[in-house]
Amino acid sequence: MPHPTVSIADLSRHLDQTVSLQGWVEALRSSGKVAFLLLRDGTGSCQCVIEARTEPAFTAVAGLHQEGSLRLTGRARPDDRAPGGVEIAVETIEVVQSAEGYPIARKAHGVDFLLQHRHLWLRSARQTAIARIRHTVISAIRGYFDDLGFTLVDTPILAPGAAEGAGTLFTVDYFGEPVYLAQTGQLYLEAAAQALGKVYCFGPTFRAEKSKTRRHLAEFWMVEPEVAWADLPDLEALAEGLICRVVERVLGGHRADLDRLGRDPAPLEAIRAPFPRVTYTEAVEILRSPETRATLEAEQARDLAAVEALRKEIAGLDSQLGQATKAWKQEKLGQEIQAAQERLRELEMAVENRPGHMEDAAAFAWGRDLGGDEETILSRRFDRPLVITRYPKAAKAFYMKSDPENPRVALNLDILAPEGYGEIVGGSVREDDLAALEARMAEEGMDPAPYQWYLDLRRYGSVPHGGFGLGVERTVAWICGLRHIRETIAFPRFMGRLYP
RNA sequence: UCCGGCGUAGCUCAAUGGUAGAGCGGGUGGCUGUUAACCACUAGGUUGUAGGUUCGAAUCCUACCGCCGGAGCCA
């Protein structure tokens, strides 16, 4: 076969040439005189035209189904009627496998069905767009730290004990001993930071929390930098630069993918340093402030108007439904109505809950940890990620260093993604003084014996240091504008889901 | 663990106490430079499970199972 095999992404460089493509059937329409095969190969999609006089190709295409695999050869030519502007005039087809009975149709499906067929769902245009963006997010993260002179250090996944709450860990049998799947590499990374200065780890982490929400997974990926000699402003700047770099790389290379996901790029274009920074104490004041009350009242008014608008929209769709003649158009309208009703339910719930949120916010007591509702209220007041620092010490982990200017608070930071996507970064300056750390561990009732190696880090050349973790899936969900975190990873693991 | 919602054809959904249906997908035939093509025909069901009420249950009641969302907790 003298013709070059090319990928669809490269097709525009082969106009008016005869080329071979190999891939899968994305869509197929065939008839007495002509067949249209939308071929996808992982790099893109291309319409391939098979005319009835082109035998045996025309007969062969009749045996194909959605997601059937094939090789074909034909001439690449520009045509305005083809999606993408280029199509293949097919000369020969080799069906590799017909894919009869492919279960996922080109229509709406329920989430559970799609997750049960996740191994096939991955092929869809939407899922491949997310996968490509996730890849860029990860490579941008690695590039950012590599460019800054960080060294990657892989930390163990099998860990002897809990760094934080032990109830949230998965237990594994380790030669007869119970050990846990790591929920962070941090403690090990602190050791590495004293060896190499600037380090990061990047791997899967595990939480056995029985959370069934669209923000939670039992297995997710987290990047954790740890920096010797760093203070809190250093960490804020490091995290800020990281998020900017990631957003910039996605915007730079994935306009078409974002468009395919229906993601408005405008909120992402607004992501620039400096991010707004508040302390926990200021956040509490913001929550209690009349301005927040006014913002919430404005949101309430806006949502009430949106509820009215949606009701009208649904009524309009209903009347269209009455007039629609084609059955499949009725079906499509019916699905639009359902989607609108779902949005309506969400809005109505927001409207119903808001008075309670307003009361909670107005009465928020210093010392409580910020809950999801408070985070949402705070992040909605800014168009960029919000950096919140210096939480009450009591609400935070034992290894966090106290603020020397106010021992009631820790030198920590959380970063909330905009648009209600929640916490994407959590980190702190670590307690580097041996006596203070031992005292804090005693307060928590921790047995110091298994932590002797960790305490050694304070005995031998202890320095100020700190780090943070950034959750990949939440970041991808935010950047892609996804309703659900489960789409951000190829094979999600969460309560009740182990297949496929 | 708690609160709320939902389980009907392979899929998405109708049927609100009285003969279980439609679209998509599958199959057969026709037809068209098609864009979720179109037209005709066709196959496809223990209405999640178990019990109860009733002349009669997809529909009402009870329990269980499964799924979804939220709270708590977190990235």
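Here the structure is a predicted model, which is why all the values come from computation and not from measurement. The basis for the numbers below is simple: all heavy atoms, side chains too, and nothing from hydrogens, waters or symmetry mates. Order of the sequence lines fixes the chain letters, A, B, ..., with proteins taken first and strands second; residue numbering starts at 1 for each chain.
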Open item on the list: Reading RNA chain B from 5' onward, which residue's closest nucleotide shows up sooner: F113(A) or A27(A)?
Closed with: F113(A)
Task: For atom CD of Q116(A) and atom C1' of G66(B), their distance in whole Å - done: 11 Å
Open item on the list: Could you tell me how far apart M495(A) (CE) and C2(B) (P) are, to the nearest whole angstrom?
Closed with: 11 Å
TODO: Name the orientation class of the two ring planes belonging to F206(A) and F170(A) (parallel below 30°, tilted from 30 to 60°, perpendicular beyond 60°).
DONE: perpendicular
Open item on the list: C68(B), OP1 or OP2 - any side-chain N/O from R483(A) closer than 4.0 Å?
Closed with: no
TODO: In whole angstrom, give the distance that lies between atom CG of L28(A) and atom P of U34(B).
DONE: 16 Å
Task: Phosphate-side-chain proximity, R207(A) and C74(B), N/O vs OP1/OP2 below 4.0 Å - done: no
Open item on the list: Side-chain N or O of R214(A) versus OP1/OP2 of G69(B): is the shortest distance under 4.0 Å?
Closed with: no
- [ ] Would you classify V111(A) as touching base, sugar-phosphate or nothing, given that sugar-phosphate means primed atoms plus P, OP1 and OP2, and contacts are heavy atoms under 4.0 Å?
- [x] nothing
- [ ] Inspect the contact between R430(A) and E226(A) and indicate whether a charged nitrogen and a carboxylate oxygen are less than 4.0 angstrom apart.
- [x] yes
TODO: Find the distance F36(A):CZ to G33(B):P and express it as a whole number of Å.
DONE: 8 Å
- [ ] For G69(B), take OP1 and OP2 only and decide whether either is under 4.0 Å from a side-chain N or O of H484(A).
- [x] yes
Task: Integer-rounded Å distance: C74(B) P and I415(A) CD1 - done: 18 Å
Task: Residue M222(A), side-chain atoms from C-beta onward, closest of A75(B), C11(B), U35(B) - done: A75(B)
Task: Value in whole Å for how far the C1' atom of A75(B) lies from CG of L413(A) - done: 13 Å
Open item on the list: Only pairs with both distances under 3.5 Å count, Watson-Crick or wobble alike; so what is the partner of G25(B) in this structure?
Closed with: none
TODO: Would you indicate what L38(A) reaches in the nucleic acid, counting non-hydrogen atoms under 4.0 angstrom: base, sugar-phosphate, or nothing?
DONE: nothing
Task: Between E190(A) and Y399(A), a side-chain donor and acceptor under 3.5 Å - done: no
TODO: Quick one: label D369(A) by what it contacts on the DNA or RNA (base, sugar-phosphate, nothing), any heavy atom closer than 4.0 Å.
DONE: sugar-phosphate
Task: Proximity to the side chain of H109(A) - top-ranked nucleotide from A75(B), C11(B), G26(B) - done: C11(B)
Task: G26(B) base / Q66(A) side chain donor-acceptor hit below 3.5 Å - done: no
Task: Side-chain donor/acceptor contact of H216(A) with base of C74(B) under 3.5 Å - done: yes
Open item on the list: How many whole angstroms separate atom CZ of R134(A) from atom C1' of A75(B)?
Closed with: 13 Å
Open item on the list: Checking T488(A) against R134(A): is there a side-chain donor and acceptor pair closer than 3.5 Å?
Closed with: no
TODO: Looking only at side-chain atoms of K210(A), point me to the closest of G33(B), U1(B), A75(B).
DONE: U1(B)
- [ ] Give the nucleotide from the list A75(B), G33(B), G70(B) with an atom nearest to the side chain of V34(A).
- [x] G33(B)
Task: No-H, no-angle donor-acceptor pair, R497(A) side chain to C67(B) base, under 3.5 Å - done: no
- [ ] Rounded off to whole Å, could you give me the CG-to-C1' distance for the L120(A) and G10(B) pair?
- [x] 13 Å
Task: R368(A) with D360(A): basic N within carboxylate O range, under 4.0 Å - done: no
- [ ] Check every atom of C68(B), U34(B), G27(B) against the side chain of F494(A) and return the nucleotide holding the closest atom.
- [x] C68(B)
- [ ] Find the partner of C2(B): check Watson-Crick (N1-N3 plus N6-O4 or O6-N4) and G-U wobble (N1-O2, O6-N3) distances, both under 3.5 Å, and reply none if neither fits.
- [x] G70(B)
Open item on the list: Less than 4.0 angstrom between a side-chain N/O of R215(A) and OP1 or OP2 of A71(B), yes or no?
Closed with: yes
Open item on the list: Any carboxylate oxygen within less than 4.0 angstrom of a Lys/Arg side-chain nitrogen, looking at E248(A) and R245(A)?
Closed with: no
Task: R214(A) bridged to E487(A) by N-O distance under 4.0 Å - done: no
Open item on the list: Quick check: on RNA chain B, is the nucleotide nearest R77(A) upstream (toward 5') of the one nearest E375(A), or the reverse? Name the residue that is more 5'.
Closed with: R77(A)
